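Please read the structure below before turning to the comments.
Convention: sequence-line order gives letters A, B, ...; per-chain numbering from 1. Basis for what follows: all heavy atoms, side chains included, without hydrogens, waters or symmetry-related copies. All figures in this text were calculated on a predicted structure; none of them were measured in a lab.
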Number of protein chains: 2
Amino acid sequence: MIILVNIRDVARYCGVSAMTVSRALNNSNQISQATKEKILKACEELGYRPNFAARSLVTKKTNMVGLIIPDITNQYYSHVSKGVSSYLSLQGYGLLLCNSDRRKDDEIRYLNFLAEGRVDGIIILPVQPRKEDYEGIAKEIPLVMADNYAEGLDVSFVGNDNYHGASEIISHMIKQGFKRIGVILGHSSSSASNERFKAYKDVLKKNNIELDNEIVLNSNATFEDGFNLTKVLIEKGVDSIFAINDTVALGVVKYCYLNNIRIPEDIGVAGYDNIEQSSMLPVPLTTVDQNGNQMGKVAAETLLNLLADESTVAKKIILKPKLVIRKSLRENI
Amino acid sequence: MIILVNIRDVARYCGVSAMTVSRALNNSNQISQATKEKILKACEELGYRPNFAARSLVTKKTNMVGLIIPDITNQYYSHVSKGVSSYLSLQGYGLLLCNSDRRKDDEIRYLNFLAEGRVDGIIILPVQPRKEDYEGIAKEIPLVMADNYAEGLDVSFVGNDNYHGASEIISHMIKQGFKRIGVILGHSSSSASNERFKAYKDVLKKNNIELDNEIVLNSNATFEDGFNLTKVLIEKGVDSIFAINDTVALGVVKYCYLNNIRIPEDIGVAGYDNIEQSSMLPVPLTTVDQNGNQMGKVAAETLLNLLADESTVAKKIILKPKLVIRKSLRENI
DNA sequence: GTGAAAGCGCTAACAA
DNA sequence: TTGTTAGCGCTTTCAC
């Protein structure tokens with residue numbers, strides 16, 4: 001960190017006090033237009049840059065926000081990050097990015113790192129959230145949770161309506177004439193997976209289709225699982241498969257292709273997430289778009305509102321995902 | 001930014017001076033084990049956190065690095081970011097992420113934002129780099145460029161060997177028996193695209209295959225371009241297509257699928273980038289892996305070395321991409 | 001409209 | 001091993 005010229009150098013150069021320079025830089029109206037212009041010009045000439053540390057030491061503001069996220073290389077999370085980043089940038093804030101790598105201990109480590117006054121507030125997309133991990137820190141620094149909620153915490157939250165998204169796509173499958181819908185879920189401890197499964201059960205019931213647990217499978221939500229479990233489901237006579245995400249759906253698609261099972265004529269396939277490549281498949285995937293970008297924006301907005309008025313009460317914002325109809329569940333809608 | 005307790009509160013609580021507390025916190029050896037332990041315990045009890053701004057104001061260190069990147073939602077760049085982030089985290093540094101959105105003006109804006117002493121050094125993956133944009137800032141703050149180089153700048157650089165990567169895959173295509181290799185390039189101003197095209201020409205020459213400019217097409221490197229230009233190339237009788245990236249290759253694959261052209265029996269397809277989904281296609285794509293994660297790590301390492309010893313001379317590190325052989329160019333290797 | 005004094009929380013340098 | 005003093009670069013407060 002090299003500081004070439006400070007506020008006093010500028011003051012001396014202009015024949016004014018440091019205070020006057022400060023006023024010029026901070027757009028105060030307690031200063032005449034003439035001196036302001038003179039000072040700003042001098043700053044240019046001298047290559048002066050205000051010192052961030054000194055400024056934030058006295059103002060107790062950093063104009064920075066911390067974002068703790070499970071995996072920046074995941075398409076969904078990278079879109080969330082971009083949503084956060086774009087909104088912050090617009091409001092003159094910077095972004096301190098912390099990739100927790102889905103590890104609880106790194107998450108906690110980053111939380112403490114940020115709490116040293118490096119940022120004005122934190123947005124966290126927690127991994128396996130437990131109330132105890134956040135209630136302490138939330139008292140020290142404004143915090144917004146997103147994506148994944150810790151029950152019982154008095155903290156603002158922005159999330160996606162998994163129940164709604166799954167209901168939409170399952171209803172659509174039934175409307176398209178599918179009756180025996182196999183499901184490849186994620187891990188049994190994943191709340192997103194569980195909420196979507198609940199929607200599946202409710203929609204089936206509403207349509208008088210009996211639930212068959214034989215065609216509901218748990219998995220690690222990988223491409224390979226999608227591929228392997230498709231064999232199992234097809235042997236059990238499903239006419240369609242709802243995959244917990246598009247990556248799993250890609251596994252389903254590959255199995256079908258290699259076994260000459262046509263999509264959607266022989267079997268319907270539904271995904272979730274709307275990753276970029278799902279529209280690029282030979283038979284593009286019908287899926288659910290969670291709009292991570294929007295979630296990031298809303299989370300950032302919520303946090304900045306909280307910073308502007310810390311007395312704001314915590315609120316829960318649940319975003320509605322959107323059904324994206326393409327061709328993997330037949331065309332005629 | 002809420003500061004509950006400062007170093008003097010801890011000092012008072014322990015009956016020592018602030019300086020002693022500072023020593024305990026900074027692992028100085030100028031302090032007895034007993035007092036150190038007592039102080040550390042007191043810090044815990046009082047919930048004391050060192051103040052980042054105050055500390056960096058006096059030490060002139062932030063333990064932060066800025067990363068300016070064109071688009072965090074792009075798979076390649078997100079892997080670069082993760083490489084940077086992981087390495088920094090290991091070394092006790094934080095990451096200030098700036099998404100330039102491929103806009104030159106935002107890039108410059110971020111550069112100035114960071115130069116206010118927010119970070120100790122900067123890694124930038126520039127968009128259309130021009131020497132003039134960086135030579136000023138590089139004198140003020142340690143800078144490492146990556147991915148894309150500004151000619152004539154005396155700054156460290158970490159990049160990928162596009163010529164090598166393309167040579168490898170074109171050579172492989174010829175070895176697999178393809179003779180009339182169509183090419184879908186990117187924009188004519190893209191240096192990566194031009195370097196790969198040069199490799200294409202050289203490898204053809206070395207194998208005594210005459211260059212036919214009719215089957216070399218420029219594009220915007222999109223999925224749609226891949227789809228549309230495949231028609232053109234097939235009409236010109238190519239036996240294979242080298243796409244400038246995997247997204248374009250996905251367009252090629254889709255066109256072939258919809259027109260009952262078999263891969264690799266009827267036509268060979270080669271991509272570049274090794275995006276996650278290229279291995280998930282029914283016929284997985286042979287492509288070139290640039291290993292963005294590695295590039296990020298090396299860039300971060302280079303910068304941290306520079307911070308440790310600013311007299312280090314600028315160096316250029318060119319990483320070798322790796323050919324990834326899958327099935328889209330026939331199996332028998 | 002401008003300036004002087006004080007201090008944000010911390011550590012470097014020196015003193016004891 | 002511990003403490004004192006000074007000051008990092010800036011803004012707040014109050015005086016003029």
Side-chain angles (χ1 to χ4, degrees), chain A residues 1-40 42-43 46-64 113 115-120 140-141, chain B residues 1-40 42-43 46-64 113 115-120 140-141:
Chain A
M1 189 162 130
I2 308 149
I3 295 167
L4 305 117
V5 25
N6 65 25
I7 202 168
R8 275 188 233 164
D9 297 325
V10 179
R12 208 175 303 124
Y13 183 85
C14 291
V16 296
S17 76
M19 200 48 235
T20 304
V21 178
S22 176
R23 286 193 182 98
L25 292 167
N26 291 288
N27 259 311
S28 161
N29 45 9
Q30 301 265 66
I31 186 174
S32 77
Q33 195 59 32
T35 40
K36 185 193 270 183
E37 273 165 20
K38 183 179 68 179
I39 289 168
L40 260 23
C43 287
L46 299 176
Y48 168 78
R49 295 183 192 282
N51 181 271
F52 167 66
R55 190 174 263 184
S56 75
L57 179 58
V58 37
T59 60
K60 309 219 168 304
K61 289 276 297 170
T62 59
N63 285 303
M64 286 278 177
F113 181 75
E116 290 179 352
R118 289 183 141 85
V119 295
D120 296 333
E140 287 190 57
I141 184 166
Chain B
M1 189 162 131
I2 308 149
I3 296 168
L4 306 115
V5 25
N6 65 25
I7 202 167
R8 277 189 229 162
D9 296 326
V10 179
R12 208 174 303 123
Y13 184 85
C14 292
V16 297
S17 76
M19 199 50 231
T20 304
V21 177
S22 176
R23 287 192 182 99
L25 291 168
N26 292 288
N27 258 311
S28 161
N29 45 9
Q30 302 265 66
I31 186 174
S32 78
Q33 195 58 32
T35 40
K36 185 193 268 183
E37 273 165 22
K38 181 179 69 180
I39 289 168
L40 260 24
C43 287
L46 299 175
Y48 167 78
R49 295 182 192 282
N51 181 271
F52 167 67
R55 190 175 263 184
S56 75
L57 180 57
V58 38
T59 60
K60 310 219 171 304
K61 288 276 297 170
T62 59
N63 284 303
M64 286 278 177
F113 182 74
E116 289 178 353
R118 291 183 139 84
V119 295
D120 295 334
E140 288 190 56
I141 183 166

Separation of D/dT1 atom P from B/Ile39 atom CD1, nearest Å, is 13 Å
Practice item. For B/Thr20 and B/Ser17, test the side chains for any donor-to-acceptor distance below 3.5 angstrom and give the result as yes or no. Key: yes
Taken to the nearest whole Å, CZ/A/Phe52 to P/C/dG9 is 16 Å
A/Ser22 side chain near D/dT11 phosphate (N/O to OP1/OP2, under 4.0 Å) = yes
Closest to the side chain of A/Met19, out of C/dG1, D/dT2, C/dG3, is C/dG3
Whole-Å distance, B/Leu57 CG to D/dG7 C1', equals 9 Å
In this structure, CZ of B/Phe113 is separated from CZ of A/Phe52 (nearest 0.5 Å) by 7.0 Å
Comparing nearest nucleotides in DNA chain D, the 5'-proximal residue of the pair A/Ala54, B/Lys36 is B/Lys36
>> Check this one for me: any side-chain N or O of A/Ser56 less than 4.0 Å away from OP1 or OP2 of C/dC8?
In response: no
Between CD of A/Glu116 and C1' of C/dC10 the distance, given in whole Å, is 13 Å
*asked:* Looking at D/dC8, I'd like to know if its phosphate oxygens (OP1 or OP2) sit under 4.0 Å from a side-chain N or O belonging to A/Asn6.
replied: no
Lys/Arg-Asp/Glu bridge criterion (N-O < 4.0 Å) met for A/Arg55, B/Glu116
no
ask   = Looking only at side-chain N and O atoms, does B/Asn51 come under 4.0 Å of OP1 or OP2 in C/dG9?
value = no
Review point. Looking across every strand, which nucleic acid part, if any, lies under 4.0 Å from A/Asp9 by heavy atom: base, sugar-phosphate, or nothing?
Key: nothing
Considering only heavy side-chain atoms of B/Gln30, the closest of D/dG9, C/dT11, D/dT1 is D/dT1
query: Under 4.0 Å: is that the gap between some side-chain N or O of A/Arg55 and OP1 or OP2 of D/dT11?
result: yes
Between CG of B/Asn26 and P of D/dT2 the distance, given in whole Å, is 15 Å
Whole-Å distance, A/Ile7 CD1 to C/dG7 P, equals 19 Å
- Intermediate values then yes/no, side chain to side chain donor-acceptor pair (under 3.5 Å), A/Thr59 and A/Ser56: CA-CA 5 Å; A/Thr59 60; A/Ser56 75; 5.7 Å; no
Note: B/Leu40 and B/Ala24 closest approach over all heavy atoms is CD1-O, 4.0 Å
Exercise. With sugar-phosphate meaning primed atoms plus P, OP1 and OP2, does A/Tyr48 contact a base, only sugar-phosphate, or nothing at under 4.0 Å between heavy atoms?
Worked result: sugar-phosphate
Ranking D/dT11, C/dG3, D/dG9 by distance to the side chain of B/Lys60, first place goes to D/dG9
Regarding the side chain of A/Thr59, the nearest nucleotide among C/dC10, C/dG3, D/dT11 is D/dT11
Taken to the nearest whole Å, CD1/B/Ile31 to P/D/dT2 is 6 Å
Do B/Tyr13 and B/Leu46 have side chains that get closer than 4.5 Å, going by heavy atoms? yes
Contacts of A/Val58 and B/Arg23 projected onto DNA chain C by closest heavy atom; the upstream (5') one is A/Val58
*Is A/Thr35 near enough to C/dT2 that one of its side-chain N or O atoms lies under 4.0 angstrom from OP1 or OP2?*
yes
Regarding the side chain of B/Ser17, the nearest nucleotide among D/dT2, C/dA4, D/dG3 is D/dG3
Atom CG of A/Leu25 and atom C1' of D/dG9 are separated, to the nearest Å, by 12 Å
